[in-house]
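For reference, the structure discussed in these notes is given below.
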2 protein chains.
Amino acid sequence: MRLNTTELDRLKTSLKQAGLKPTRQREHVLSVLLARRDHPTVEEVWQRSRTLSRGISLATVYNCLESFVDSGLVKQVNYEREPTRYCPNLRPHAHFKDQETGRVYDIDLPNEVLIQLNSILPEGFRPEAIEISFHGRTKTQNS
Amino acid sequence: MRLNTTELDRLKTSLKQAGLKPTRQREHVLSVLLARRDHPTVEEVWQRSRTLSRGISLATVYNCLESFVDSGLVKQVNYEREPTRYCPNLRPHAHFKDQETGRVYDIDLPNEVLIQLNSILPEGFRPEAIEISFHGRTKTQNS
DNA sequence: TTGATATTTAGAATGATTCCAATTCTTATG
DNA sequence: CATAAGAATTGGAATCATTCTAAATATCAA
Ligand SMILES: [Mn+2]
Ligand SMILES: [Mn+2]
Ligand SMILES: [Zn+2]
Ligand SMILES: [Zn+2]
């Protein structure tokens, strides 16, 4: 439940690059995200942050997560209009939501798939981002 | 701004299949959606429905659109947590949002792309739906 | 060490959507 | 056609994720 040196360095570097300051709260919120990569909501991150000695306000959790998104450390994941979830996986990947458990899984995106997806765009469409979200069931007995 | 016979038939059939009744308001809301396939929000559909003689309530626009989604006539389109947009295009397609104009375009999805996308899922993942959303800029001078 | 600037915070405000309960339609049945 | 039971419509209240506000606190370059 603590950032290691590498993670702490990445946090400081990314924040500085965005003109933001490393704070106790930001360190803690990032460590919560990295501890379990299960795409928690703001509320869930807040609950998990209760372990912090003096606690942390909900507004600060919103602010920290926003600063991470702005500095490129974390991505938002949305399913319909449900509360936004947060994902620290920086590789290109899609998401799969198990509609029975509510769990959201990362699905790695091979480069060839990305290329093929870009190829379906008409002339003149310049994508800056693409989001791919599956939802369905998983027939596994693990995790 | 009126449903033709084919469209009216599809409406009645789909609604009946879902145990719902065709009403003046539902006919009108569907005709608004079909008139301009530009993925309007509820508010926009409501504005465009003002032409209806006696008007229509916002709650009813919400209800009509929900009944269309339930009966499979229309799909919802979400970008982050912006107001939900509605799309009567029933072919498999992705969406592209021009971040300068806010316009949302349909991008047809070739079957081979769908197949390739399903192939990236691990064993045991059974997708029921997939959503693909681009956002970026368009360099066209038309429409 | 210190001042300028950024962050944190509790609570209020916002805004899309859903809920509610009263009224009005729709349609199956006689 | 008339009727009644169930469905839909409606205005307004409630919900709830998120954003805003302004006062207190923390960070850090100089
Ligand atoms: Mn769904
Ligand atoms: Mn974006
Ligand atoms: Zn992810
Ligand atoms: Zn569409």
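Looking at A/R81, its side chain never comes within 3.5 Å of a backbone N or O of B/E80 through a donor-acceptor pair. Checked by atom type and distance alone, the side chain of A/W46 never pairs as donor or acceptor with a backbone atom of A/A59 at under 3.5 Å.
One can place CD1 of B/I56 at 6 Å from P of D/dT10, the figure rounded to the nearest angstrom. Taking atom CD of A/E43 as the reference point, atom C1' of D/dT15 lies 14 Å away to the nearest angstrom. Here the P atom of nucleotide D/dT9 and the NE2 atom of B/H28 are 13 Å apart, to the nearest Å. Note: CZ (B/R24) to C1' (D/dA8) measures 11 Å, nearest angstrom. Rounded to an integer number of Å, the gap from A/N63 CG to D/dA26 P is 16 Å. Here the C1' atom of nucleotide D/dA7 and the CG atom of B/L15 are 12 Å apart, to the nearest Å. For the pair B/L58 CG and D/dA13 P, the interatomic distance rounds to 15 Å; values are reported in whole Å. Across the protein-nucleic acid pair, A/Q76 atom CD and D/dT19 atom C1' stand 13 Å apart, rounded to whole Å.
Aromatic rings from B/F134 and B/Y105 are positioned such that their centres are separated by 6.0 Å or more. Proximity of the aromatic rings of B/F68 and B/Y86 is defined here by a centroid distance below 6.0 angstrom, and this criterion is not met.
Chain B approaches DNA chain C within less than 4.0 angstrom (heavy atoms of the protein), and the contacting nucleotides run 5' to 3' from C/dA16 to C/dT27.
The phosphate of D/dT18 has OP1 or OP2 within less than 4.0 Å of a side-chain N or O from A/T84. Considering only side-chain N and O atoms, B/T23 lies under 4.0 angstrom from the phosphate OP1 or OP2 of D/dT9. Between B/T60 and D/dT9 there is no side-chain polar atom (N or O) within less than 4.0 angstrom of OP1 or OP2.
Residue pairs meeting the salt bridge (Lys or Arg N to Asp or Glu O under 4.0 Å) criterion with at least one member in residues 25-43 of chain A, sequence neighbours excluded, are A/R36-A/D38, A/D38-A/R48.
Using a 3.5 Å distance cut-off with no hydrogens or angles, the side chains of A/H93 and A/D106 do pair a donor with an acceptor.
With a 6.0 Å radius and a threshold of 12 heavy atoms from other residues, nucleotides or ligands, B/Q17 has its CD atom at or below the threshold.
Each of B/K16 and B/E66 has a nearest nucleotide on DNA chain C; the 5'-most of these lies closest to B/E66. Comparing A/L20 and B/P83 by the nucleotide of DNA chain C whose heavy atom lies nearest to each, the residue mapping closer to the 5' end is A/L20.
Closest to the side chain of A/A59, out of D/dC20, D/dC28, D/dT9, is D/dC20.
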